[in-house]
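All figures in this text were calculated on a predicted structure; none of them were measured in a lab.
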Amino acid sequence: MRLKHIMAASLLALALTATAQNATSQERYTIQDAYEVYLSDVRLPDVSTGTIRYKPCIRCDFQTTRVTSATRWRINGEVVSFSRFMQAIEALDDRSAEHLTIKHHLEKDLITKVSISIR
């Protein structure tokens, strides 16, 4: 009987060790980055399935990334069509005072969301 308890405890210890090793071996990585950029540092696409060019930081070079039909365009938190988004951008008086938030999916290398808060 005592041998059964020792065997059960040993098997349990092995199982817990294997589970702990599996949990620690899984790497964490960033799937998506978000950038807050001035509108003057962004070149928006002409159509909803083109590319967007933006500067992820002040001293960075422009980065070009695809937008697709799945890209979400938001104004003040509301999802809008690409054409409505562009109309709102064109109506702005001072592009240098406004900023966009751009979400970039790193694995797929595409933009998932572009949003602006208009005052």
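Judged by distance alone, the side chains of His105 and Gln32 never bring a donor and an acceptor atom under 3.5 Å apart.
Expressed to the nearest 0.5 Å, how far CG of Leu106 lies from CG of Asp33 amounts to 4.5 Å. Within the model, atoms CG of Asp94 and CG of Leu39 stand 9.5 Å from one another, a figure rounded to the nearest 0.5 Å. Considering OG of Ser115 and NE2 of His99, their distance stands at 8.5 Å, rounded to 0.5 Å. The line from OG of Ser117 to CZ of Arg74 is 10.5 Å long, rounded to the nearest 0.5 Å.
In this structure, the ring of Tyr54 has its center less than 6.0 angstrom from the ring center of Tyr35.
Sparse packing is recorded around CG of Asp61, with 12 or fewer heavy atoms of other residues, nucleotides or ligands lying under 6.0 Å away. Remark: Lys103 NZ is loosely packed, at most 12 non-hydrogen atoms of other residues, nucleotides or ligands lying under 6.0 Å away. Annotation for Asp109: atom CG counts as buried by contact number, over 12 foreign heavy atoms lying within 6.0 Å.
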Walk me through whether Tyr38 and Glu98 qualify under side-chain contact (heavy atoms from CB on, under 4.5 Å).
CA-CA 6 Å; Tyr38 284 105; Glu98 300 293 336; over 6 Å; no
Step-by-step side-chain contact (heavy atoms from CB on, under 4.5 Å) determination, Leu44 to Phe85
CA-CA 10 Å; Leu44 292 166; Phe85 186 87; 4.2 Å; yes
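In terms of heavy-atom proximity, Ile52 sits nearest to Val114 at CD1-CG2, 4.2 Å. What you find for Arg66 and Lys108 is that their closest heavy atoms are NH2-O, 3.4 Å. Considering all non-hydrogen atoms of both residues, Pro45 and Met86 come closest at O-CE, 4.0 Å. When all heavy atoms of Ser48 and Val67 are compared, the pair lying nearest together is O-CG2, 3.5 Å. The shortest heavy-atom contact between Thr49 and Ser69 is CG2-N, 3.8 Å. Of all the heavy atoms in Thr64 and Arg53, the pair that sits closest is OG1-NH1, 3.0 Å.
Cluster annotation: Leu100 is connected to Val80 through the hydrophobic network of ILVMFWY side chains, with a link wherever side-chain heavy atoms come within less than 4.5 Å. Cluster membership for Trp73 and Val37, using ILVMFWY side-chain heavy atoms within less than 4.5 angstrom, is shared. One hydrophobic cluster, built from ILVMFWY side chains closer than 4.5 Å, holds both Ile116 and Ile102. Residues Val47 and Ile89 are members of separate hydrophobic clusters, defined by side-chain heavy-atom contacts under 4.5 angstrom among Ile, Leu, Val, Met, Phe, Trp and Tyr. Taken together through direct or relayed side-chain contacts under 4.5 Å among Ile, Leu, Val, Met, Phe, Trp and Tyr, Leu92 and Phe82 form part of one hydrophobic cluster.
In this structure the side chain of Ile75 reaches within 4.5 angstrom of the side chain of Ile118, judged on heavy atoms.
Partners of Gln87 under the side-chain hydrogen bond (donor to acceptor under 3.5 Å, both in side chains) rule, at least two apart in sequence or in another chain, do not exist in this structure.
Ion pairing between a basic and an acidic side chain is recognised when a charged N comes within 4.0 Å of a carboxylate O; Arg72 and Glu78 show no such pairing.
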